[in-house]
Amino acid sequence: MSETVSVKIGKSKHSVPKGKSLFQFLSEQNWNKNPVAAKFNGQMVDLDVPLSQDAQIQLVYPGSEEALEILRHSAAHLLAHAVLTLFPETQIGVGPAVEDGFYYDFLRETPFSQDDLSDIEEKMRELSQEDIPIRKKVFSKDQAIRLFKEKGQQLKEELIQEKGPQSVTCYQQGDFIDFCLGPHVPSTGYVQHFKLLSVSGAYWKGEEGGKQLQRIYGTAFFTRKELKKHLVHLEEAKKRDHRKLGPQLDLFSFNEDLGAGLILWHPKGGRVRRIIEDYWREEHLKDGYEILYSPHIAKLDVWRRSGHTEFYEAMYPPILSEDVEYQLKPMNCPFHIMVYNSSQRSYRDLPFRWAELGTVYRYERSGVLHGLLRVRGFTQDDAHIFCRADQLEEEIKKAISLAMRVLNTFGFSDFDIFLSTRPEKYVGKAEDWEKATQSLKKALLDKGLEYRIDEGEGVFYGPKIDIKIKDALKRSWQCTTIQLDFNLAERFDITYVGEDGNFHRPFLIHRALLGSMERFFGILIEHYKGSFPVWLAPVQIMIVPIADRHNDYAHTLDQKFKENKLRSCVDARREKVGYKIRDAETKKTPLILIVGDKEVKEGSASLRIHTQGDKGEVQVEDFLEKLLEIVKNRDMSVNLEEVYHQKT
RNA sequence: GCCAGUGUAGCUCAGGGGUAGAGCAACUGAUUCGUAAUCAGUAGGUCGGGGGUUCGAAUCCCCCUGCUGGCUCCA
């Protein structure tokens with residue numbers, strides 16, 4: 001008589017012969033859905049787990065995040081399997097599932113080419129069709145080391161040596177075996193809808209100076225449809241690429257002769273930037289900020305004192321002037337602190353809120369430069385707040401509100417907020433850290449904002465709040481940061497005279513809302529796909545006269561708009577209307593006004609809205625009034641429909 | 001910085017040892033036109049820069065530079 005165990009799968013109870021694998025049991029039951037793994041008393045396991053004890057089992061089905069991660073992990077194994085089949089001399093590194101797919105690192109004398117990639121993908125498909133069972137194997141550490149040594153897999157050998165426990169789990173599919181914790185899908189046939197995307201370099205164990213490996217990236221899904229959707233999404237992202245749209249829309253450019261990471265803002269980009277800056281200033285003044293200006297260089301000693309020479313790598317070498325070394329500024333902080341220290345401050349003066357659009361220069365290594373998002377010269381929307389302990393919480397709240405208000409206006413309403421707390425190595429007093437961290441938490445709580453705590457992940461000089469915004473494609477971008485700085489406060493010995501007549505150290509809050517003008521502009525371009533809302537668009541209205549005889553009227557309208565501080569333009573070229581409209585549409589002009597005989601006679605214009613098409617005739621005064629309202633309110637939508645009733 | 005790929009007209013791309021090509025854009029002319037491309041013509045390039053191999057280099061090799069995908073970095 002064989003022993004049985006009692007297992008509860010979901011809500012149904014079963015009595016099963018002890019030791020039978022879950023997979024086998026499910027097959028016998030003709031389980032109609034296709035799980036990929038299971039949770040055995042809460043622990044994630046493979047489906048072929050032996051049912052050796054009474055257990056509560058939850059099956060993991062496609063559709064869940066966990067299942068997708070398992071699938072992708074198995075896809076990574078399939079990739080390595082294919083690579084070793086085609087190129088047996090290759091050594092395999094590590095191959096995890098990542099955010100949008102998976103990768104596997106390989107060590108090989110000749111790097112993989114694009115052609116290799118399609119061969120590998122082809123081989124993966126073959127192996128998938130063979131539907132090879134994936135089995136978990138447990139070895140002793142010594143056995144495992146010997147096994148991989150025999151296979152010439154030194155990287156794996158090294159990994160097991162370093163990380164392997166006494167009993168080492170491996171996964172085998174056919175003649176491919178990998179050191180891995182799992183779990184995995186039951187067989188290679190589960191991995192069907194995948195695509196290899198790119199090859200790149202990667203360092204062994206992520207250590208710079210370590211061995212250079214070849215990393216192959218891919219993605220995998222449970223259905224063809226999902227895979228297709230993801231690939232379309234990638235295409236969509238490409239179409240929004242600000243590096244493409246920027247020069248196309250004549251917003252900015254780079255120039256090889258000028259140098260890498262240095263931006264040329266064109267007139268149209270300059271317009272948008274000015275509008276952003278004007279708005280930025282307006283909001284800051286509302287919140288009691290003062291605007292500062294500071295130089296682009298300072299004596300090297302300033303940066304020695306601030307600690308930047310010591311902690312900060314990304315500085316350009318000093319410039320020598322009359323035997324004194326000067327340094328191009330990578331930060332604005334010391335300047336603001338010097339303004340603070342320019343006179344004795346009283347507790348009555350605080351808080352100070354000082355903001356500056358400060359242009360800084362950082363030596364970013366060539367390989368990290370990326371469009372407007374990572375450059376060598378950029379303008380931070382910086383500010384420093386000096387306040388007393390009793391003002392701290394209020395000041396943080398104000399800064400958060402300002403950030404939210406500004407970001408909302410630009411059309412961002414989806415945020416990820418992070419609070420980083422004290423790391424092991426830190427400067428300043430522990431009690432100040434505690435006080436500051438509590439204030440940050442309280443401020444977030446008060447604002448009703450959800451946030452995640454990165455325990456011990458703070459920078460050495462103070463706790464901070466980071467706000468990441470999500471754009472139209474749900475991609476996350478770091479913009480706002482609100483940081484306490486105990487380091488500079490001490491190094492520059494900032495003080496105020498308190499009510500008690502003694503010197504006290506104020507809290508120093510460092511904060512940026514948009515991050516940098518360049519970066520934020522890049523994000524905006526991608527968010528809006530180059531089609532800016534009316535209040536931001538470099539050209540808001542394109543006036544299109546149908547024939548030469550309508551040019552005068554077109555110019556009259558143009559003049560009227562300009563007098564109202566609107567950005568309009570007349571396309572008086574001797575081209576057909578269709579041509580001019582197409583041109584304006586390609587340039588993503590939000591509003592197009594067409595004027596012909598009828599409009600001249602009636603003092604009207606025919607309105608066309610970008611991507612929405614013909615909206616019919618409008619009365620100019622009426623249109624102007626409504627447009628001004630939209631611009632004044634900084635209405636994000638280009639859609640005039642709600643405020644504008646289409647004439648029939 | 002590292003690994004790999006890549007740079008031909010303003011843009012998109014063809015040409016891969018034997019006189020540099022197309023479409024769009026630009027310019028000129030004709031067309032005066034009603035909601036995403038009118039027609040014809042003209043001009044435009046040290047093929048990213050430098051060096052080498054060769055009778056001859058856009059093409060092959062080396063160095064530099066920019067860009068792209070990653071890695072590392074982003075106190």
Side-chain angles (χ1 to χ4, degrees), chain A residues 98 103 105-108 110-114 116-117 197-217 238 241 243-244 247-248 250 253-262 303 306-315 330-331 333 362-371 373-375 423 425-427 458-462 464 478 483 485 487-488 510 515 519 544-551 572-587 592-599 606-617:
Chain A
V98 287
Y103 69 78
D105 285 346
F106 302 97
L107 180 62
R108 190 165 174 258
T110 19
F112 296 106
S113 68
Q114 206 59 41
D116 292 338
L117 226 59
L197 296 171
S198 63
V199 208
S200 71
Y203 295 108
W204 175 231
K205 293 184 204 154
E207 287 164 13
E208 192 171 355
K211 287 194 192 75
Q212 184 79 44
L213 308 181
Q214 303 296 319
R215 175 170 298 178
I216 297 180
Y217 279 91
K238 247 189 218 167
D241 196 327
R243 294 169 301 182
K244 196 95 181 132
Q248 216 171 68
D250 201 15
S253 66
F254 293 95
N255 186 313
E256 187 176 344
D257 295 333
L258 189 69
L262 302 170
W303 308 104
S306 68
H308 285 112
T309 45
E310 204 178 317
F311 300 117
Y312 199 69
E313 281 183 359
M315 292 219 282
M331 294 276 177
C333 340
R362 297 185 186 171
Y363 175 70
E364 302 287 0
R365 300 205 278 176
S366 59
V368 306
L369 299 171
H370 182 95
L373 304 183
R374 194 80 183 268
V375 292
K425 276 185 158 183
Y426 65 97
V427 298
V459 279
F460 75 92
Y461 54 80
K464 61 170 181 172
Q478 158 97 55
Q483 321 185 336
D485 194 329
N487 181 47
L488 291 181
H510 173 107
R519 197 179 145 75
V544 175
I546 286 172
D548 287 354
R549 62 176 179 281
H550 310 122
N551 284 359
R573 291 177 299 179
R574 299 184 62 180
E575 294 286 354
K576 294 179 96 169
V577 210
Y579 181 89
K580 296 195 220 179
I581 285 172
R582 184 185 146 79
D583 204 48
E585 291 278 359
T586 328
K587 286 178 181 150
I592 302 170
L593 289 180
I594 293 126
V595 294
D597 289 336
K598 189 174 166 216
E599 287 77 10
S606 174
L607 173 67
R608 215 190 133 93
I609 299 178
H610 178 51
T611 71
Q612 294 178 38
D614 193 358
K615 293 288 158 189
E617 200 178 348

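In what follows, chains are A, B, ... by sequence order, proteins preceding strands, each numbered from 1. Since this is a predicted model, take the numbers as computed values, not measurements.
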With rounding to whole Å, what would you report as the distance between B:A58 and B:U19 at their P atoms? 11 Å

Using a 4.0 Å heavy-atom cut-off, does A:K244 contact any base of the nucleic acid, only the sugar-phosphate backbone, or nothing at all? sugar-phosphate

Separation between the P atoms of B:C63 and B:U72, rounded to whole Å: 26 Å

Any side-chain N or O of A:K580 less than 4.0 Å from the OP1 or OP2 oxygen of B:G34? no

Base-contact (B) and sugar-phosphate-only (S) positions in nucleotides 65-75 of chain B, heavy-atom cut-off under 4.0 Å, - elsewhere: BSSSBBBBBBB

Between A:R573 and B:A26, is there a contact of a side-chain N or O with OP1 or OP2 at under 4.0 Å? yes

A:P545 backbone acceptor or donor facing A:K580 side chain under 3.5 Å: yes

Taking the ring centre of each residue, are A:F460 and A:F311 less than 6.0 Å apart? yes

Touch class at under 4.0 angstrom, heavy-atom based, for A:E575 against every strand present: base

Base, sugar-phosphate, or nothing: which does A:N487 touch, judged by heavy atoms less than 4.0 Å apart? nothing

Taken in chain and number order and not counting sequence neighbours, the residues that satisfy side chain to side chain donor-acceptor pair (under 3.5 Å) with A:S113 are A:D116

Is A:R549 near enough to B:C33 that one of its side-chain N or O atoms lies under 4.0 angstrom from OP1 or OP2? yes

Identify, with sequence neighbours excluded, every residue that meets side chain to side chain donor-acceptor pair (under 3.5 Å) alongside A:R365. A:E208

Record whether the side chain of A:E617 comes under 3.5 Å of the base of B:G34 through a donor-acceptor pair of N or O atoms. no

Could you check whether any side-chain N or O of A:R519 sits under 3.5 Å from a backbone N or O of A:Q478, counting only pairs where one atom can act as donor and the other as acceptor? yes

Taking OP1 and OP2 of B:C39, is either one under 4.0 Å from a side-chain nitrogen or oxygen of A:Y579? no

By nearest-heavy-atom nucleotide on RNA chain B, the more 5' of A:Y363 and A:E585 is A:Y363

Base orientation of B:G41, syn vs anti, 90° cut from 0: anti

